[in-house]
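Please read the structure below before turning to the comments.
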Amino acid sequence: MYVAVSSPGPGLVDAAVLDADGGELERVHLASDEFPAWAAEREREHPRWVWADTKRWYPLLLRAGVRVERCLDLRMCRLILRTAAAAAGTGLARAPRDRWDDPAHTVPAASDALFELAEPEPDGDPAEELRRQRAAIAESAAPGRLTLLTAADSVGALVAVELEHAGLPWDAERHDRILVELLGERVPGGRPARMEALVAEIRAALDDPDVNPDSASTLLKSLQRAGLRVGSTSKWELREHDHPVVQPLLAYKRLARLYTANGWAWLGEWVRGGRFRPVYVPAGVVTGRWASDGGGALQLPKQVRAAVVPDPGWKLVVADAAQLEPRVLAAMSGDAAMARAGRAHDLYQGLVETGAVETREQAKYGMLGAIYGGTTGESGRMRPRMERAFPRAMAFVESAARAGEAGEVVSTWLGRTSPPGRDAAYDETRSYDERARARSDGRAWGRFTRNFVVQGTAAEWALCWMGALRRMLWELGGGDADPRPLTERPHLVFFLHDELIVHAPAELADAAADALRAAAAEAGRILFGSAPVEFPVTVAVVDSYADAK
DNA sequence: ACACCCGGCGCC
DNA sequence: AGGGCGCCGGGTGT
């Protein structure tokens, strides 16, 4: 059963109850303040909620204590189906663009007046769009995979709202102590004490009393004046030089980064009531990875992770999928030798044991080179060995790279398709330089498509992991029979590409850890069936994020 | 004043 | 001449 909801105007909700084929059974019109109670009643039957934007509808249900089991985020699904190679030629793919193709409108975070502020619904009825999308999937070359992909992206959208609702437990006092310890005392209107001291050292070492180390262009000139032959102010270059400015400047850069990105200003803006609430953008990256739009959740530096602390009587259960991308590549390509190497908990060590490479470092760089398209350094040197030992995996990524170079699209395991490449057609009329540029662009696009298939499929695995885990945690917390809201049970509080954090009452932490492992195994089965590839996760029950791994 | 880009660097 | 991001301050253009 589906329930398709939309808002025909301020303060109004239109809900259509549909059968499994999308046929309309009933339509109700509600005032928006009646909607959560109506939805809570409906949710007992576990319908699939169908709406234009999960971010617009789900927060107000969660605030009213209504947890939703499943949904379809029509705007996300439209984008998938609009661009999927497997759905090319379907009615939906051929239809002219309409407002369902527009990017999601952003709703002011934490607004209580959601309906009043929201823009009008897109043209047309969500029930109608659902039928259009179902038809496109049925007509497509990969109905099973596209059904899974649309469901997986949609459960991701639910999780994103739940993460924002729950927030990541954050101890602002501990964060402040970390900042004071590293940066020195806070100075109103100026740099923190230790940073200012380093600026003085830098100026003395350069004999330039006014230089501002935050200004790359003037700093570069000053460095060159002082006799350093550098082309940039990057730490990679600086650390190759022996000059009294190098040590204080590198130290300053480290502190400046912390101060500007995750210092007191960040703390004041993003942490409230003991929770960090970043803005997630599910499928915000072309590969299907999540992006973020505020708060920098996906770049949380290790320096401040000690401030992530569970509530009293609760634990953090931190899980990380071990070498996810190589394992995904082994499964997609059907490379039995690589799959065998992955029987080891540490796939890189497994590669060493096959005899293909001598050291774990070589294994790691060899794998990363295969996935990213590296040709230089250690990854370039490992390439022939990798090709000999893992011919199917290497051929798989090579073929994705060649497709990109030829201007063709590539698709992930579930069918998310890369953006169209530039036409690489050979043009005799172009100059030598132009052709060289075109070849270089073509190779760059090949590295993008090579990585796209692996990164995108890893993102799909992560969505399946979250989706499975989410159900398991709900059951662990008592399921539907228990009236407690989401945040009073074991629940997800953080997601970072291949890493999850669960906040759980201490007595349920071990069970949550088991669920994290079981959900990983289930994700592997959902995507790859009985393929002999394992997806181990390292799990730690901790009292601070910094104590994991 | 605002919008935009860039260098640099944090994360995966 | 290794993929994907977001954020910051500085710098430039309007």
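Atom set for the values below is all heavy atoms of this structure, side chains included, hydrogens, waters and symmetry mates excluded. Protein chains get the first letters and strands the later ones, always in sequence-line order, with residue 1 at the start of each.
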Query raised in the report: For A:Ser215 and C:dG9, is the shortest distance between a side-chain N/O and OP1 or OP2 below 4.0 Å?
Result: no
Report summary line: Between CZ of A:Arg416 and C1' of C:dG4 the distance, given in whole Å, is 13 Å
Report task. Answer yes or no: are there more than 12 heavy-atom neighbours, outside A:Asn212 itself, under 6.0 Å from its atom CG? Result -> yes
Query raised in the report: Under a 4.5 Å cut-off applied to non-hydrogen side-chain atoms, are A:Pro213 and A:Arg191 in contact?
Result: yes
Query raised in the report: Base, sugar-phosphate, or nothing: which does A:Arg383 touch, judged by heavy atoms less than 4.0 Å apart?
Result: nothing
Query raised in the report: For A:Ser217 and C:dG11, is the shortest distance between a side-chain N/O and OP1 or OP2 below 4.0 Å?
Result: yes
Query raised in the report: Taking atom C1' of C:dG2 as reference, at what distance in whole Å does atom CG of A:Asp441 sit?
Result: 16 Å
**Report entry** A:His175/A:Trp266 aromatic ring centres below 6.0 Å
**Finding:** yes
Query raised in the report: Is it true that the side chains of A:Ser411 and A:Thr417 contain a donor and an acceptor less than 3.5 Å apart?
Result: yes
**Report entry** Heavy-atom donor-acceptor pair, A:Glu237 side chain to A:Gly231 backbone, under 3.5 Å
**Finding:** yes
Query raised in the report: Using a heavy-atom distance cut-off of less than 4.0 Å, which residues of residues 447-467 of chain A contact DNA chain C?
Result: A:Arg447, A:Phe448, A:Asn451, A:Gln455
Listed pairs under 3.5 Å, donor-acceptor, residues 493-503 of chain A side chains, sequence neighbours left out:
unit_1   : atom_1 : unit_2   : atom_2 : d
A:Glu499 : OE2    : A:Tyr545 : OH     : 2.4
A:His503 : NE2    : A:Asp311 : N      : 3.1

Report task. Measure centre to centre between the rings of A:Trp413 and A:Phe528, then say whether the value is under 6.0 Å. Result -> yes
Query raised in the report: Who pairs with A:Glu358 by salt bridge (Lys or Arg N to Asp or Glu O under 4.0 Å), at least two apart in sequence or on another chain?
Result: A:Arg385
**Report entry** Salt bridge flag under 4.0 Å for residues A:Arg343 and A:Glu534
**Finding:** yes
**Report entry** Under 4.0 angstrom between A:Ser440 side-chain N/O and C:dA1 OP1 or OP2
**Finding:** yes
Report task. Using a strict cut-off of less than 4.0 Å between a Lys/Arg side-chain nitrogen and an Asp/Glu carboxylate oxygen, indicate whether A:Arg383 and A:Glu387 qualify as a salt bridge. Result -> yes
Query - Rounded distance (Å) that lies between atom C1' of C:dG4 and atom CG of A:Leu368 - result: 13 Å
Output a table of nitrogen or oxygen pairs between the protein and nucleotides 5-8 of chain C separated by less than 3.5 Å.
unit_1 : atom_1 : unit_2   : atom_2 : d
C:dG6  : OP1    : A:Ser292 : O      : 3.4
C:dG6  : O4'    : A:Gln299 : OE1    : 2.9
C:dG6  : O4'    : A:Gln299 : NE2    : 3.1
C:dG6  : N2     : A:Arg257 : NH2    : 3.2
C:dG6  : N3     : A:Gln299 : NE2    : 3.2
C:dC7  : OP1    : A:Gly294 : N      : 2.6

Query - Stretch residues 533-541 of chain A: residues that reach within less than 4.0 Å of DNA chain B through a heavy atom - result: none
Query - Aromatic ring of A:Tyr372 stacked on base six-ring of C:dG2, 5.5 Å, 30° - result: no
Query raised in the report: Please give, in whole Å, the distance from C:dG2 P to A:Met386 CE?
Result: 17 Å
**Report entry** Span of DNA chain B in contact with chain A (heavy atoms, under 4.0 Å)
**Finding:** B:dG8 to B:dC12
Query raised in the report: Would you call A:Arg381 and A:Glu361 a salt bridge, taking side-chain N to carboxylate O under 4.0 Å as the test?
Result: no
Report task. Verify the neighbour count for atom NZ of A:Lys364: are there more than 12 heavy atoms of other residues, nucleotides or ligands below 6.0 Å? Result -> no
Query raised in the report: Just by modelled atom types, is the A:Val180 backbone N or O under 3.5 Å from a matching donor or acceptor in the A:Arg194 side chain?
Result: no
